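Owing to the predicted nature of the structure, the values given are computational and were not obtained by experimental measurement.
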Amino acid sequence: MSSNKPLVTITGVTGFLGSHVALLFLQSSSYRVRGTVRSTLDSSKIDPLRKGLGDLFSQLELVEANLLEKESILKAVAGSTYVIHTASPFVLGVKNEDDIVKPAVEGTNAVMEGCKAAGTVKRIVLTSSIAAIFHCDPKDRPADGLFDERCWSDVDRPGGVDPYVKSKTLAEKSAWGFIKSLSEDERMELVVINPGLMYGPFWQTNSFTSAQFMSSILRGEKNPLPRYHDGYSEVRDCALAHVRAIEIPEAKGRRFIMTQGSYWYKEIADMVREQFGPKGWPVVEREASNPDAVIVNFNHQPAEDVLGIEFRPMEETTRDMANCMIESGFVAKPQ
């Protein structure tokens, strides 16, 4: 592989999103691609990535890095032209918020500092979340109910926020603050991608939050279905957004909401039931009552206009994810 090609480093390359990002960069043949993993000897993470990337896997450079070990991050991004930071825990309902807030914030800070120290990095793309956008004080909600890239979650709002929301909000704010603090000579470009709950096909064999949600729908494990409204994203669309965020000059300094749409949880279940109910999967129809449920909608127009994203329909996303899980044996019908 030519050493003249720019080097893009992807943190969390074995993850749900990171693996798809790596695939697109490798397929382009325009970059050298490096990916970070906690251990290059962890076959439970490496083998599925090797299978998913196929022959392209041999072109991927793997390096070890830990979000809480700053020196490992500094080494991982050394020599990079571009850095894609996807690695951050997505875990809901944690008991100790430091288990998720600390690695998210400190890991992001380490990546930013590593990019500065490298002296070669032109642009960083950070994977944030709509969690950093719409968990505001109710009085601060947009008048038209449509959240956009100008909106921020308020971690100090009355009643507080979930640790995951706090982790994504503080990590993203820290990244923007770091960029702002740099001198003109040190200045790097930052682009942020804000997905919703991400669905789509995957190669991992270890369980992760999005797959757990889909598994619970297919197996009818939540009865009645919880009544809540959220923004959803397609992992392949989000991966493409990360590539375009590197390649399109006008993306500089922007946040891009990557939700393909907002749905009630039951609407997602209805899509799955329509496609997989006839095949014997016991998808639940009944929905719980929740008078406090709030509708949230997002403006993804900048992702279309600037990044050129053509969002897949949610029916395709749910179908492809469920088929992937069923065919791989990731999920089994309840007996």
**Q** Taking the side chain as C-beta and beyond, is there a heavy-atom pair between F256 and H242 under 4.5 Å?
**A** no
**Q** Do L68 and E106 have side chains that get closer than 4.5 Å, going by heavy atoms?
**A**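 Yes, their side chains come closer than 4.5 Å.
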**Q** Determine whether more than 12 heavy atoms belonging to other residues, nucleotides or ligands lie under 6.0 Å from atom NZ of K333.
**A** yes
**Q** Verify, without hydrogens or angle tests, whether T318 (side chain) and V272 (backbone) share a donor-acceptor contact under 3.5 angstrom.
**A**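 No; judged by distance alone, with no hydrogens or angles, the pair does not exist.
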**Q** In this structure, are over 12 heavy atoms from other groups packed under 6.0 Å from D55 atom CG?
**A**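 For D55, atom CG is not crowded (no more than 12 foreign heavy atoms under 6.0 Å).
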**Q** Using distance alone, with no hydrogens and no angle criterion, decide if S174 and N109 have a side-chain donor and acceptor under 3.5 Å apart.
**A**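 S174 vs N109: donor-acceptor pair found between side chains.
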**Q** Relative to each other, are the rings of F208 and F16 parallel, tilted or perpendicular (30° and 60° limits)?
**A**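 Tilted, since the angle between the ring planes falls between 30° and 60°.
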**Q** Would you check if the side chain of R227 reaches a backbone N or O of W264 as a donor-acceptor pair within less than 3.5 Å?
**A** no
**Q** Which atom pair, heavy atoms only, marks the closest approach of H229 to S262?
**A** CE1-CB, 3.4 Å
**Q** Between F213 and Y265, what is the ring plane arrangement, given parallel below 30°, perpendicular above 60°, and tilted in between?
**A**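 The arrangement is perpendicular - the two ring planes meet at more than 60°.
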**Q** Do E274 and E315 have side-chain heavy atoms sitting under 4.5 Å apart?
**A**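 Sidechains of E315 and E274: no contact.
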**Q** Looking only at side chains, do H85 and T11 share a donor and an acceptor under 3.5 Å apart?
**A**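 The criterion, which ignores hydrogens and geometry beyond distance, is satisfied for T11 and H85.
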